[in-house]
Every structure is written in structure tokens, then in C-alpha cells.
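Both counts, for ligands and for their atoms, begin at 1 and track the order of listing. What's counted below: heavy atoms across the whole structure, side chains too, no hydrogens, waters or symmetry copies.
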Amino acid sequence: MSSTQKNVAQGKPAAHANQSGAQASVADFAHRLQWNENPYDFPADLKAIVMERWAEYAWARYPTEIRPAALLTALADHAGVTPENVTAAGGSCALIQLTLRAFLEPGDGIVLPAPTFGLYGREARKLHAQVEEVALSPADDYALPVDDLLLRGRQSRARLIALCAPNNPTGTVYTADELRRLIGGTDAVVAVDEAYREFCGQDLRPLLDEFENLILLRTFSKAYAMAGLRVGYALGAPRLIQAMDNLNPLFPLPVFSALAAEVALAHTPRFLARVDDIVAERERMAAALGNLPGVTLFSSGTNFLLLQFDRDPAPILDGLKREHSVIVSDMAGYPELVNCLRISVGLPQENDWVVEAVGKFCEG
Ligand SMILES: Cc1ncc(COP(=O)(O)O)c(C=O)c1O
């Protein structure tokens with residue numbers, strides 16, 4: 001074990017660069033507030049249930065069905081739909097790829113708000129789709145430009161419009177009425193990524209009763225604290241789900257991950273109680289950070305906050321890494337987000353360190 005790994009294991013600050021002098025990697029930091037993970041691990045007693053079921057399973061055997069039928073049925077019950085309305089895959093990253101591949105041919109238009117989760121644009125470009133970005137504006141707290149999205153969709157004859165509700169990396173919540181206007185105003189398929197839905201308490205599932213061109217993408221990575229197990233699912237009209245499932249590999253989920261998702265789903269209230277804790281911490285941080293000089297805090301219905309500073313916030317990043325082994329996101333991959341930091345809501349102690357570091361920077 002390297003000294004950095006030992007420090008991390010003991011919860012001590014790690015060095016900024018590792019011993020070989022190479023650039024520090026995520027694994028070098030004990031406190032990871034850069035990827036919007038859940039700071040509370042999957043509960044130990046529920047892990048024990050998963051392990052027990054897993055131990056009973058004959059590893060030598062393929063799953064009895066090519067799709068994780070028990071999980072799909074549980075997901076359908078949970079969402080109040082039929083199994084024909086659901087498919088599952090290895091995280092919403094895999095579902096995003098399935099969505100793009102199912103509904104885009106080379107040259108087809110896809111409309112995306114910008115900034116949004118980078119995978120959409122990157123993967124669409126790989127498919128040689130025509131990516132049409134509609135700018136969100138910090139001046140109106142990154143509100144959803146429904147008319148502009150629809151107009152761009154018409155102009156480019158887009159086959160797909162994709163957005164995240166709430167949005168990553170801005171944190172913005174979009175109301176069901178705004179989305180209704182968007183989905184109802186186009187013939188394109190609209191993919192709405194609900195990765196953070198539990199943190200804003202909004203359930204867009206009723207929109208599925210109104211629209212045949214809507215796909216909802218969901219994940220077990222955030223509220224259910226299962227990012228390492230890679231489980232996501234999509235809800236939509238059978239025609240759309242079938243088109244995605246045709247591209248889904250056989251046995252899309254490892255048995256272990258499917259079992260864990262079943263156990264998690266059956267204990268949803270436990271996870272939602274943790275979500276409440278995270279939301280309370282988010283609001284505590286927002287209250288502490290919102291009125292500092294030289295910083296704009298954007299509204300968030302997620303498990304992270306986006307802050308924009310009037311100057312380069314690198315000293316905050318450096319100080320947090322050096323003093324507390326905390327890593328936050330500098331948003332370097334997003335040209336629109338100059339001088340911004342995106343900070344996942346962590347454990348109370350981690351959040352205190354962030355509040356202190358930002359306060360010192362702004363008032364120093
Ligand atoms: C909006 C959004 N969608 C999808 C993902 C990927 O989630 P998953 O872990 O399910 O692949 C993320 C991850 O941060 C995200 O922010």
C-alpha cells in the first residue's frame with residue numbers, strides 16, 4: 001500500500017501529487033465531492049441481504065432469463081407501469097447510449113441544452129449525429145428555454161431532444177408543466193434524464209400517461225448509493241422501449257447488480273430518508289454560501305451545488321485538496337462554466353470544510 005493509499009484509508013489528507021510526481025488521481029483523495037456520488041454508502045444490513053442471496057446463486061449458470069425479469073417486474077410495479085414499459089442496463093450511461101443509437105441515424109439532429117451532462121453530446125457526435133446546442137443562461141438561473149428548444153428542433157428536423165431534469169451540471173429543476181409544453185410541442189422523441197429526481201422530490205412518471213414520445217432515464221447510482229454496481233433503467237411507451245431493447249446486449253446486468261437493485265428498491269424509504277439528510281445539508285450549505293461576496297450560487301434540486309466566482313477559484317480547489325484531501329469539480333470540460341465549481345453535497349464534516357474554504361476565499 002502506498003503512503004497515499006494509507007492516508008486515504010485512515011481518512012487523512014493525501015498529498016496533491018503522488019510519490020512518483022504524477023498528477024494526482026481521484027483515488028488519491030479521501031473525500032470525493034466531484035462526481036455527485038451519495039456520501040452514505042449502501043447500508044451494511046442491506047449489503048448482507050444481497051450477499052446472502054448472491055451466495056445462494058450458482059455462479060456457473062447464466063441467468064435463467066436473458067433480461068433481468070424479476071428486477072424489471074419490480075421496477076414496473078414501483079413506477080406503476082407494465083414490464084413492457086421498462087428496460088434496464090448498466091447505469092444510465094449505458095441507457096443514454098442505447099437511446100442515442102435507437103433514435104439517431106448518421107446526420108440526424110439531436111437538440112441538447114448547453115451546458116448539460118457531457119455524455120449526450122460526446123456520444124451523439126460519435127454516431128455522426130448533428131448536435132444542436134441551445135444555450136442556457138446564468139442570467140435567468142439556467143431556466144429551460146422551451147421555445148428555443150422547440151424552434152431548433154423544428155429547424156433541424158431533430159429526431160431526438162435530450163435533457164436532464166434536474167440538470168447536471170447546473171442543478172436546475174424543470175417543472176412538469178415546462179416539460180409538458182416541450183414534449184407536447186414536438187414529434188421528436190424526448191429523453192428526460194431523471195438521475196437526480198429524488199433530490200427535488202419531483203416524479204415525472206405521470207407524463208408517460210400523456211406522451212408516447214417520452215423516455216425517462218433513471219439510475220440507482222445516486223439516491224440508491226449504487227454507483228459502483230452500474231444499474232439504470234428507462235421507462236417509456238413499449239414501441240420506444242422495444243427499439244432500445246433491440247440494441248441491449250443479452251444479459252445486460254450482472255446478477256449481482258440486479259439482486260442489489262431489487263433489494264434497494266424494496267427498501268426505498270430507507271434511501272429516501274438519506275436523501276432527506278442530503279437535501280437538508282444542501283440547504284445548509286446554500287444558506288452559508290449564497291450571500292458571500294463575489295459568488296453566484298445557482299438554485300439546485302440535486303445533490304450538488306454550482307457556484308460561479310468573480311475570479312479563478314483555483315485556490316479553493318488547492319486548499320481543499322491540501323488541507324482536507326477533498327476534491328471538487330472545476331468544470332474544466334464545460335467552456336460555458338468559467339470560474340465555476342460544482343460541489344457534491346457530502347457528509348456534514350466535508351461540507352463544513354467546503355463552506356470554510358469558500359468563505360475564506362471570498363472574504364479573504
Ligand atoms: C445527468 C446524469 N445522467 C447520467 C449519469 C450517469 O449515471 P450512471 O451512474 O447511472 O451511469 C450522471 C452521472 O453523474 C448524470 O449526472
What part of S92, side chain from CB on, backbone N/CA/C/O, both or neither, has a heavy atom under 4.0 Å from ligand 1?
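Under 4.0 Å from ligand 1, S92 contributes backbone and side-chain atoms.
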
Report the part of C164 (side chain from C-beta onward, or backbone N, CA, C, O) that has a heavy atom under 4.0 Å from ligand 1; answer both or neither where that applies.
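The side chain, only.
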
Taking the side chain as C-beta and beyond, is there a heavy-atom pair between [X] and [Y] under 4.5 Å?
| X | Y | value |
| --- | --- | --- |
| I316 | F309 | yes |
| C340 | L307 | no |
| E198 | K222 | no |

What residue and heavy atom of the protein are closest to [atom], and at what distance?
| atom | result |
| --- | --- |
| atom 14 (O) of ligand 1 | K222 NZ, 2.8 Å |
| atom 9 (O) of ligand 1 | S221 OG, 2.6 Å |
| atom 15 (C) of ligand 1 | Y196 OH, 3.6 Å |
| atom 12 (C) of ligand 1 | F117 CZ, 3.5 Å |
| atom 11 (O) of ligand 1 | R230 NH2, 2.7 Å |

With heavy-atom distances below 4.0 Å as the criterion, list the atoms of ligand 1 near G91.
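Answer, ordered by atom number: 10 (O), 11 (O).
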
I want to confirm something. Looking only at heavy atoms, which of D193, T219, T302 is nearest to atom 2 (C) of ligand 1?
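That would be D193.
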
Backbone or side chain, does any N or O of W35 fall under 3.5 Å from an N or O of ligand 1?
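No, no N or O pair falls under 3.5 Å.
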
Please check whether C93 reaches ligand 1 - meaning an N/O of the residue sits under 3.5 Å from an N/O of the ligand, judged on distance alone.
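Yes, C93 has an N/O under 3.5 Å of an N/O on ligand 1.
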
Give a yes or no on whether the ring-centroid distance for F271 and F42 is below 6.0 angstrom.
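Yes; F42 has its ring centre under 6.0 Å from that of F271.
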
F304-Y196 aromatic ring centre distance below 6.0 Å:
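So the answer is yes for these two rings.
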
Can you give me the closest heavy-atom contact between [X] and [Y], atom names plus distance?
| X | Y | result |
| --- | --- | --- |
| L150 | R181 | CD1-O, 4.0 Å |
| N303 | N36 | ND2-O, 3.0 Å |
| G236 | L208 | CA-CD2, 3.9 Å |

